[in-house]
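Here the structure is a predicted model, which is why all the values come from computation and not from measurement.
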Amino acid sequence: MSLLSDLINLDLSDCTEKIIAEYIWVGGSGMDLRSKARTLPGPVDDPAKLPKWNYDGSSTDQAPGDDSEVILYPQAIFKDPFRRGNNILVICDVYTPAGEPLPTNKRYDAAKIFSHPDVVAEVPWYGIEQEYTLLQKDVNWPLGWPLGGFPGPQGPYYCGVGADKAYGRDIVDAHYKACVYAGINISGINGEVMPGQWEFQVGPSVGISAGDEVWAARYILERITELAGAVVSFDPKPIPGDWNGAGAHSNYSTKSMREEGGYEVIKKAIEKLGLRHKEHIAAYGKGNERRLTGRHETADINTFSWGVANRGSSVRVGRDTEKQGKGYFEDRRPASNMDPYVVTSMIAETTILWKP
């Protein structure tokens with residue numbers, strides 16, 4: 001008699017050409033990931049060859065009950081680390097039956113910006129540092145923390161090693177390897193300043209692919225914490241008080257910034273970001289005012305600043321970039337719950353397309 005684990009791990013390629021495609025989309029809150037699976041007759045490696053599909057938008061807060069059909073448009077394919085074989089994960093965006101993008105479809109507007117000839121010519125690179133907090137299921141309290149109590153103060157946990165410093169490493173490492181398997185350009189992981197908080201980095205990724213890869217990595221993390229019986233939180237300040245919040249620092253460069261004389265281009269781009277500070281803050285994640293206080297390695301939410309190697313500024317430039325006269329900068333303002341399509345496209349729009 002087969003065990004449940006045997007059936008879950010069945011290799012379908014032994015008996016059929018058919019594959020399973022898990023269609024993934026963002027629900028009505030802008031952070032809730034949804035997915036459902038369908039059988040396809042054979043392997044697919046081009047999203048344009050995948051069928052569109054529909055779902056009940058009234059159950060995801062994306063459509064009324066009397067006109068509930070929403071259409072999924074496949075946009076990016078990743079290998080499925082859970083089913084493996086030729087099975088795939090499919091990042092989709094969402095439209096009405098008439099082909100109009102839903103208000104929650106942030107990919108649509110981002111794709112328009114990234115397809116603009118001026119943006120294409122600059123080949124924008126992104127490196128997203130996605131912080132998150134692992135919580136104990138049912139109690140909404142960080143993993144490894146005593147129930148109703150607190151661990152020792154911050155200090156030993158950042159990149160820490162040991163059972164009294166690193167809580168949830170098995171989840172983190174499983175996620176890391178699953179993302180590599182999936183074909184996501186995940187570039188690293190580390191323990192963060194608050195115990196139970198971790199970070200993974202995606203990039204360098206070009207244009208719209210940065211958003212696709214971050215959402216795919218978030219989906220895989222949600223699935224792994226589901227298996228582990230834990231909960232992942234992207235709240236920008238999950239624990240009030242003298243504890244670091246969670247951000248999604250966004251590293252960025254253009255072709256002009258990476259070439260000789262690029263440091264002057266970087267400074268002009270940062271100046272433009274400063275002129276649109278309020279607009280960016282409004283789009284950089286809900287609850288960010290609880291995180292951007294001017295403490296815990298953040299700048300105050302109401303004030304724009306930049307500096308070299310300064311983690312207390314809105315935008316940080318690395319020492320290597322200053323020394324070499326070219327490179328990239330880091331926008332430290334985005335919250336951990338930001339939409340990567342919104343943030344990446346807005347940075348490109350402000351720095352490349354916007355004329356003050």
Side-chain angles (χ1 to χ4, degrees), residues 1-27 32-60 62-63 68-97 99 102 105 107-108 111 170-186 200 202 205 208-232 341:
M1 178 67 71
S2 294
L3 298 174
L4 181 61
S5 60
D6 297 328
L7 296 171
I8 290 171
N9 292 310
L10 273 177
D11 184 356
L12 300 179
S13 62
D14 291 343
C15 61
T16 182
E17 289 279 314
K18 294 178 180 179
I19 68 157
I20 300 171
E22 190 79 26
Y23 279 43
I24 302 161
W25 70 97
V26 181
D32 58 315
L33 281 162
R34 311 283 180 132
S35 75
K36 62 176 184 170
R38 68 182 297 164
T39 307
L40 298 175
V44 182
D45 59 9
D46 180 357
K49 295 178 180 178
L50 288 167
K52 295 173 185 175
W53 204 7
N54 66 72
Y55 68 93
D56 171 18
S58 69
S59 295
T60 62
Q62 290 172 297
S68 64
E69 192 166 289
V70 175
I71 312 301
L72 294 166
Y73 286 33
Q75 299 291 358
I77 292 175
F78 299 93
K79 291 173 65 178
D80 187 339
F82 304 102
R83 296 187 177 105
R84 289 172 287 185
N86 290 320
N87 303 301
I88 54 176
L89 305 177
V90 184
I91 296 295
C92 304
D93 58 356
V94 293
Y95 297 80
T96 68
L102 265 61
N105 182 353
R107 192 186 192 279
Y108 178 81
D170 53 346
I171 292 172
V172 174
D173 205 45
H175 175 251
Y176 194 178
K177 291 179 179 178
C179 286
V180 171
Y181 178 93
I184 294 166
N185 192 21
I186 186 169
F200 65 86
V202 169
S205 302
I208 196 73
S209 64
D212 291 336
E213 292 185 1
V214 169
W215 276 119
R218 285 176 172 177
Y219 174 82
I220 291 171
L221 182 57
E222 292 273 14
R223 286 285 304 276
I224 288 172
T225 52
E226 175 187 319
L227 290 170
V231 174
V232 59
Y341 295 132

Shortest non-hydrogen separation from I208 to A111 and the atoms involved: CD1-N, 3.8 Å

Pairs satisfying ring-ring contact (aromatic ring centres under 6.0 Å, His included), at least one member in residues 36-59, at least two apart: Y23-W53, W25-Y55

For the student: nearest non-hydrogen atoms of I186 and C179, plus distance: CG2-CB, 3.7 Å

Atom CG of D6: over 12 foreign heavy atoms under 6.0 Å: yes

More than 12 heavy atoms of other groups within 6.0 Å of R84 CZ: no

Close side-chain approach of T96 and L102, heavy atoms under 4.5 Å: yes

Taking every non-hydrogen atom, the tightest pair across V70 and G57: CG2-CA, 3.7 Å

Backbone N/O of D93 and side chain of Q75: donor-acceptor pair under 3.5 Å: no

Closest contact, heavy atoms only, P74 versus K52: CD-CA, 4.2 Å

Other residues, nucleotides, ligands: >12 heavy atoms within 6.0 Å of Y108 OH: no

Rounded distance (nearest 0.5 Å) linking atom CD1 of I184 with atom OG of S209: 11.5 Å

Min side-chain heavy-atom separation F78-I220 under 4.5 Å: no

Closest non-hydrogen atom pair, P43 against N86: CG-ND2, 3.8 Å

Close side-chain approach of R223 to P81, heavy-atom, < 4.5 Å: no

Side chain Q62, main chain V26, donor-acceptor under 3.5 Å: yes

Distance in Å, N87 CG paired with I19 CD1, rounded so as to fall on 0.5 Å steps: 6.0 Å

From L12 atom CG to E17 atom CD, the distance as rounded to the nearest 0.5 Å: 11.5 Å

Backbone of T225 reached by a side-chain donor or acceptor of H175 within 3.5 Å: no

Test: D212 and R107 ion pair at under 4.0 Å: yes

Side-chain heavy-atom pair V90, V44 within 4.5 angstrom cut-off: no

Distance (rounded to the nearest 0.5 Å) between S35 OG and L72 CG: 10.5 Å

Y176 OH to L221 CG distance, which is reported to the nearest 0.5 Å: 14.5 Å

Side chains of S205 and V214 in contact at under 4.5 Å (non-hydrogen atoms): no

Taking every non-hydrogen atom, the tightest pair across I91 and Y341: CG2-OH, 3.6 Å

Neighbour count above 12 (heavy atom, 6.0 Å) for K36 NZ: yes

Gap between atom CD1 of I88 and atom CG of L50 - 0.5 Å precision: 5.0 Å

